[in-house]
Amino acid sequence: MTAFLTIQEGCDKFCAFCVVPYTRGAEYSRPAAAILAEARRMAAQGTREVTLLGQNVNAWHGEGASGLAGLLRLLAEVPGIERLRYTTSHPRDMDEALIAAHRDIPQVMPFLHLPVQSGSDRILAAMNRGHRAEDYLRLVDRLRVARPDLALSTDIIAGHPGEREEDHAATMALIRRVGFAQAFSFKYSPRPGTPAAGAPLQVAEADKDRRLAEIQALLREQQAAFNAGMAGTICEVLWTGPGRHPGQMSGRTPWLQPVHALAPSHCVGRTTPVRILAGHPNSLSGELVEQERTAA
Ligand code: SF4
């Protein structure tokens with residue numbers, strides 16, 4: 001039904017807090033032909049949604065396609081593949097062609113995990129992220145012009161070495177400005193051997209805890225509002241398996257929200273329209289629209 005497909009490994013970015021470039025080595029991209037062969041096999045076995053994986057997935061530059069945008073175009077032609085996603089992306093590798101892919105390829109889902117880590121230029125520089133907060137915001141605007149219903153998710157680190165109250169305030173401001181549908185946020189913890197681990201001005205644990213709590217409260221509020229805003233809409237749900245209660249099935253919206261509804265078990269692997277009845281903090285509940293219930 002849904003499957004992950006690794007297309008890229010390793011990372012050349014060397015963010016100051018991250019061990020990946022040391023543990024996983026330099027960037028490597030699998031050739032398009034091998035990826036397409038695997039996608040065709042998955043589709044033949046019933047996979048309808050493929051999530052392309054890589055530590056730096058949008059830096060993919062394998063043989064046989066022009067960047068990730070080119071690869072997505074080829075994958076969209078594989079019969080049976082209805083949905084394409086990719087994770088994890090770096091803002092610096094979101095090029096024009098990839099932004100256009102969100103506009104032009106219907107199989108590319110309107111949901112993007114795009115880590116920002118901090119909203120402070122000073123901390124982004126200390127992290128060696130290679131972009132400013134403003135660059136990220138402009139990128140989000142361009143993506144939303146290309147795909148107005150795009151929802152974003154991100155990663156945020158609270159209390160990176162050198163982070164002051166004004167840097168934390170800048171992160172909160174960036175979160176407010178973007179409005180994330182989902183996010184992962186963490187308290188900075190030193191990874192041995194990384195530049196940030198040995199950096200001066202480590203932030204006190206109590207400050208990290210408080211900043212993380214503030215960040216998470218805001219992100220929770222945004223996620224709940226995003227989910228609540230779906231109530232009353234009809235959206236396409238790809239059914240993935242049984243839900244928690246008898247007779248209930250569970251699936252995913254294009255925006256990756258889990259949905260629960262009463263549905264026949266043969267729905268699994270199909271995408272059907274669902275009327276969303278309510279949005280909860282982490283999921284949605286809905287009902288099959290009439291013609292689907294009759295067909296069931
Ligand atoms: S955070 Fe991501 S981009 Fe940065 S070094 Fe780690 S894997 Fe690479």
Side-chain angles (χ1 to χ4, degrees), residues 4-30 35 51-62 67-69 71-72 85-99 101 111-140 142-143 152-163 167-168 170-171 174-175 178 180 182-199 202-203 208 211-212 215-216 219 256:
F4 293 104
L5 201 173
T6 299
I7 65 164
Q8 185 276 336
E9 286 182 88
C11 179
D12 298 338
K13 298 278 192 303
F14 290 92
C15 298
F17 54 81
C18 179
V19 286
V20 166
Y22 308 98
T23 56
R24 309 298 287 264
E27 280 176 14
Y28 165 74
S29 299
R30 291 179 67 200
I35 296 166
T51 301
L52 307 177
L53 289 184
Q55 260 101 33
N56 222 330
V57 73
N58 58 341
W60 184 86
H61 56 273
L68 183 59
L71 182 65
L72 287 166
R85 306 180 186 276
Y86 57 93
T87 195
T88 291
S89 296
H90 194 294
R92 269 161 58 193
D93 292 315
M94 289 302 302
D95 60 20
E96 214 44 65
L98 191 49
I99 294 172
F111 180 87
L112 178 63
H113 182 63
L114 192 61
V116 66
Q117 311 295 2
S118 170
S120 153
D121 289 344
R122 228 170 49 78
I123 296 303
L124 286 168
M127 288 174 163
N128 192 32
R129 291 289 289 171
H131 66 83
R132 300 164 306 160
E134 184 57 30
D135 300 322
Y136 185 89
L137 292 171
R138 262 194 279 127
L139 177 56
V140 167
R142 282 159 58 213
L143 279 158
L152 287 144
S153 127
T154 199
D155 293 337
I156 306 270
I157 295 176
H160 187 272
E163 187 185 83
D167 301 310
H168 170 61
T171 297
L174 180 138
I175 296 170
V178 175
F180 290 102
Q182 226 190 69
F184 302 93
S185 48
F186 315 90
K187 195 164 71 162
Y188 171 77
S189 72
R191 299 280 181 261
T194 58
Q202 297 287 326
V203 176
K208 285 192 215 173
R211 291 175 194 170
L212 182 65
I215 288 166
Q216 290 187 335
L219 290 169
L256 214 52

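Treat the numbers as computed from the prediction; the structure is a model and nothing was measured. Counting convention: from 1, in listed order, for ligands and their atoms alike.
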| task | Would you tell me whether S185 and Q216 have side-chain atoms, one donor and one acceptor, within less than 3.5 Å of each other? | result | yes

| field | Residue pairs passing the salt bridge (Lys or Arg N to Asp or Glu O under 4.0 Å) test where at least one lies in residues 117-129, sequence neighbours excluded | value | R122-D167

| query | Do the charged groups of E27 and K13 touch, with an N to O distance under 4.0 Å? | reply | yes

| field | ring-ring contact (aromatic ring centres under 6.0 Å, His included) involving F186 - partner list, sequence neighbours excluded | value | none

| task | Only counting residues at least two apart or in another chain, list the ones meeting ring-ring contact (aromatic ring centres under 6.0 Å, His included) with Y86. | result | H102

| 4.0 Å heavy-atom contact, R24 with ligand 1 | no

| said: List ligand 1 atoms under 4.0 Å from H90, heavy atoms only on the residue side. | reply: 3 (S)

| message | Give me the number of protein N, O or S atoms whose distance to atom 6 (Fe) of ligand 1 is under 2.8 Å. | response | 1

| said: Just verifying a value: how many Å separate H160 NE2 and Y188 OH, rounded to the nearest 0.5 Å? | reply: 5.5 Å

| field | R30 with E9: basic N within carboxylate O range, under 4.0 Å | value | no

